[in-house]
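The block underneath contains the structure these notes are about, expressed in structure tokens.
Remember, predicted model here, so these are calculated numbers, not experimental data.
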Amino acid sequence: MVVSTLKVVALVLIVAGVTGLVMGSVSYTKTTHAARVGPFNFAVDEKKTINIPLWAGVAAIVAGAAMLFVPKRV
């Protein structure tokens with residue numbers, strides 16, 4: 001069974017959209033202001049959060065679902 005690239009992209013969009021709706025935001029830590037004084041290392045870790053808009057998750061799900069139902073060209 002061969003799965004077309006269009007269907008794989010559609011499924012990835014749907015999974016990404018559902019994940020965005022469930023999680024709501026993504027957090028990560030960024031190290032800034034690093035300094036090295038002799039044998040000592042100093043660094044400041046900043047926690048950053050990226051909010052995923054509700055409309056982006058819904059749009060990804062709708063786009064993925066629409067791609068699943070696009071008729072195959074011959």
So how far is it from Ile14 CD1 to Thr19 OG1, rounded to the nearest 0.5 Å?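 Spacing of CD1 (Ile14) from OG1 (Thr19) equals 11.5 Å.
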Taking Val58 as the starting point, is it possible to reach Val18 by hopping between hydrophobic residues whose side chains are less than 4.5 Å apart?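 The answer is yes; both residues are in one hydrophobic cluster.
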Applying a strict under-4.5 Å side-chain criterion to I, L, V, M, F, W and Y, I'd like to know whether Leu21 and Val62 cluster together.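 Yes, Leu21 and Val62 fall within the same hydrophobic cluster.
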Between [X] and [Y], which heavy-atom pair has the shortest distance, and what is it?
| X | Y | result |
| --- | --- | --- |
| Met67 | Leu6 | CE-CD1, 3.2 Å |
| Ala60 | Gly17 | CB-CA, 3.8 Å |
| Thr31 | Ala43 | CG2-CB, 3.7 Å |
| Ala10 | Gly64 | CB-O, 3.3 Å |

Residue pairs involving residues 49-65 (criterion side chain to side chain donor-acceptor pair (under 3.5 Å); sequence neighbours excluded):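 Output for this query lists Ser27-Thr49.
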Which residues pass the side-chain contact (heavy atoms from CB on, under 4.5 Å) test with Ile52, not counting sequence neighbours?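 Partners of Ile52 by the side-chain contact (heavy atoms from CB on, under 4.5 Å) criterion, ordered by chain and then number, come out as Val26.
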